[in-house]
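This report concerns only the one structure given below.
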Amino acid sequence: MLFFKSLFQSDEARCPHCMRKLSLSNVRFYCTFNPERRHEIFLSFLDKLKQRLPTCGRNFCKGKGIPAQEAVCRFCGEQLPLQYLFHRRYLSFCMIGVAGAGKSSYLTTMLHEFKYSNLPWVLQPIDSRTLKVSQQNDQNVYEDRLCLAGTQSGVAPKPQQWIIRDTTVESKDVPTYALTIYDGAGEDCERIGDNELDPVISRYIAGSKMFFIMFDPLLLSSVRAAVPYEILTSSQALDRQSSAPANMVTMVNALANYIRQSCNIAPNKLIDRQTAVVITKLDTLRDLDNDFGSSSLVMKSSPHASRRGFVDADSSMIDLEIRDWLQRQGETAFLDAIDANFQRDKIRVFGVSSFGQPPDRAKRLAAITPHRVLDPIMWMLANEKIVPTL
């Protein structure tokens, strides 16, 4: 049985478009059997008791007796997929990073690998737009071997909406979870505080339970000096002259100020949102003189998918390895800013490679072999008690 009451908790469900808290009283239902006579229908006491969608009761309507075909947020007027109403829990995360960090590429390979890694947590798109975007990105990367274009700046990000079905539970009522993902342009995140999209970005950030902060190591001055020119030019999406610590420190502090202001957190309090700090393009660091080393865990295959759970010891060691590497590089400003703003037990550092190897000079990709792209989301799902911690 589906549980309306348990789903629309005031601290759980939010409209994926305006991020306002949802309840049954601020969702409007419509009969659209005849589009020219679209009309609102209302939940009855019996509908709430039986935890079901309302049905059309209008005489002479061809949709009479048929459940509502459309749900709309009363606040913003955006349509809500009917499936969105029936989940055990609502998860949302924001992907944040400077321009060219590879957020869209990472999101594409992470979602693809999650869907096709034979995990018992089945990932499915919940709306037609998410399905279309996912199919197009998969086609571009996995079939056509093309690097994805960066997210368009100056345009409010549209949320991707997914369902996670937990098939580890042997029941006719499979637990499902709604997962909403926001992927904004890096340029807009860099201009937080002086951007016409500030209200939208702020709302998405404030409403998200989890953050993915993407960190491009090729913007570190020490790494840029050591990476061969061919790899540097083929792996960077943009020609950036500034160094990552300055950009990322500014972004982290601005983000922290937004979260504190939006969530009414005092300036002297650490932020307690789950935060995955993700170093991208790990493949470009393999042959550096001061790399992680052949014995490091971060360069070895991830154990989480094969063991069908989150291996905490593996992830904790990688967190320490990357922090140690940044210290050896003399590039600690970014992590210092993170630790100064976010609660330490809510943060985990990860290293990933979306493609497995750098593109060639023409920005073409070889066979796609993602490396550790599932680690951050498995950590987040484990913290939500959806994936077991091993």
Side-chain angles (χ1 to χ4, degrees), residues 2 4 7-43 47 52-54 56 63 66-96 104 107 111 123-137 151-164 176-185 188-189 195-211 258 262-263:
L2 302 173
F4 259 129
L7 296 176
F8 286 98
Q9 298 283 343
S10 61
D11 62 344
E12 279 282 331
R14 290 180 179 268
C15 171
H17 304 284
C18 69
M19 294 306 294
R20 292 182 175 91
K21 291 180 179 178
L22 282 178
S23 66
L24 287 179
S25 62
N26 49 46
V27 176
R28 288 180 169 172
F29 299 93
Y30 291 89
C31 173
T32 59
F33 195 86
N34 184 343
E36 296 179 355
R37 296 184 179 181
R38 173 178 178 268
H39 57 275
E40 187 173 0
I41 53 182
F42 301 92
L43 282 165
D47 291 330
R52 66 189 184 189
L53 293 172
C56 175
I66 296 176
Q69 299 98 50
E70 184 179 306
V72 171
C73 172
R74 188 181 296 271
F75 297 113
C76 66
E78 291 283 351
Q79 188 168 337
L80 302 170
L82 290 172
Q83 293 180 70
Y84 188 77
L85 308 176
F86 296 104
H87 298 296
R88 180 169 292 190
R89 198 177 311 160
Y90 294 83
L91 313 175
S92 60
F93 66 72
C94 245
M95 302 194 71
I96 307 163
S104 297
L107 181 59
L111 292 170
L123 188 67
Q124 300 171 333
I126 196 174
D127 66 342
S128 59
R129 180 188 173 278
T130 298
L131 175 61
K132 182 178 179 181
V133 169
S134 176
Q135 289 177 333
Q136 185 62 61
N137 287 344
T151 306
Q152 185 177 355
S153 177
V155 178
K158 295 290 186 182
Q160 288 196 35
Q161 299 182 68
W162 296 85
I163 296 172
I164 299 175
T176 64
Y177 309 93
L179 175 62
T180 303
I181 305 171
Y182 304 95
D183 175 21
D188 295 331
C189 290
N195 188 340
E196 64 182 14
L197 289 180
D198 278 353
V200 177
I201 297 172
S202 178
R203 187 165 63 240
Y204 286 160
I205 287 174
S208 293
K209 297 180 69 173
M210 303 166 277
F211 302 128
Y258 261 62
S262 301
C263 302

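- Partners of E78 by side chain to side chain contact (heavy atoms under 4.5 Å, CB included), not counting sequence neighbours, listed by chain and number: H17, C76.
- For residues 33-43, the set of pairs meeting the side-chain hydrogen bond (donor to acceptor under 3.5 Å, both in side chains) definition, not counting sequence neighbours, comprises R38-E70.
- Closest non-hydrogen pair, A71 versus L82, comes out as CB-CD2, 3.8 Å.
- Residues R74 and V27 are not in side-chain contact: their nearest non-hydrogen atoms beyond the backbone lie 4.5 Å or more apart.
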request  = For L179 and S92, run side chain to side chain contact (heavy atoms under 4.5 Å, CB included): C-alpha distance rounded to whole Å, both residues' side-chain angles, the deciding distance at 0.1 Å, then the answer.
outcome  = CA-CA 5 Å; L179 175 62; S92 60; over 6 Å; no

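- Remark: S25 pairs with S23 by the side-chain hydrogen bond (donor to acceptor under 3.5 Å, both in side chains) rule, at least two apart or across chains.
- Smallest separation of non-hydrogen atoms from F29 and L85: CE2-CD1, 3.5 Å.
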task = Evaluate the side chain to side chain contact (heavy atoms under 4.5 Å, CB included) criterion for residues I181 and L107: first the C-alpha distance (whole Å), next the side-chain angles of each, then the deciding distance (0.1 Å), finally the verdict.
result = CA-CA 9 Å; I181 305 171; L107 181 59; 4.0 Å; yes

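- Shown here are the side-chain hydrogen bond (donor to acceptor under 3.5 Å, both in side chains) partners of S134, two or more places apart in sequence or in another chain: K115.
- In this view, Q135 satisfies the side-chain hydrogen bond (donor to acceptor under 3.5 Å, both in side chains) rule with no residue, not counting sequence neighbours.
- Applying the ring pair (Phe, Tyr, Trp, His ring centres under 6.0 Å) criterion to F93, with sequence neighbours excluded, gives F212.
- With contacts defined as side-chain heavy-atom distances shorter than 4.5 Å, the pair F86/T176 does not qualify.
- Here P81 pairs with Y84, I126, D127, Q161 under the side chain to side chain contact (heavy atoms under 4.5 Å, CB included) rule; sequence neighbours left out.
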ask   = Given the rule in the side chain to side chain contact (heavy atoms under 4.5 Å, CB included) test, do K158 and R129 qualify, once you have shown the distances and angles that lead to the verdict?
value = CA-CA 9 Å; K158 295 290 186 182; R129 180 188 173 278; 3.1 Å; yes

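- Residues Y30 and Q79 are not in side-chain contact: their nearest non-hydrogen atoms beyond the backbone lie 4.5 Å or more apart.
- Residue P16 comes nearest to Y182 through the heavy atom pair O-OH, 2.9 Å, listed as atom of the first residue, atom of the second, then distance.
- Exactly one of L111, L131, T180 qualifies for a side-chain contact (heavy atoms from CB on, under 4.5 Å) with Q160. That residue is L111.
- Of all heavy-atom pairs between C73 and L22, the closest is SG-CD2, 4.3 Å.
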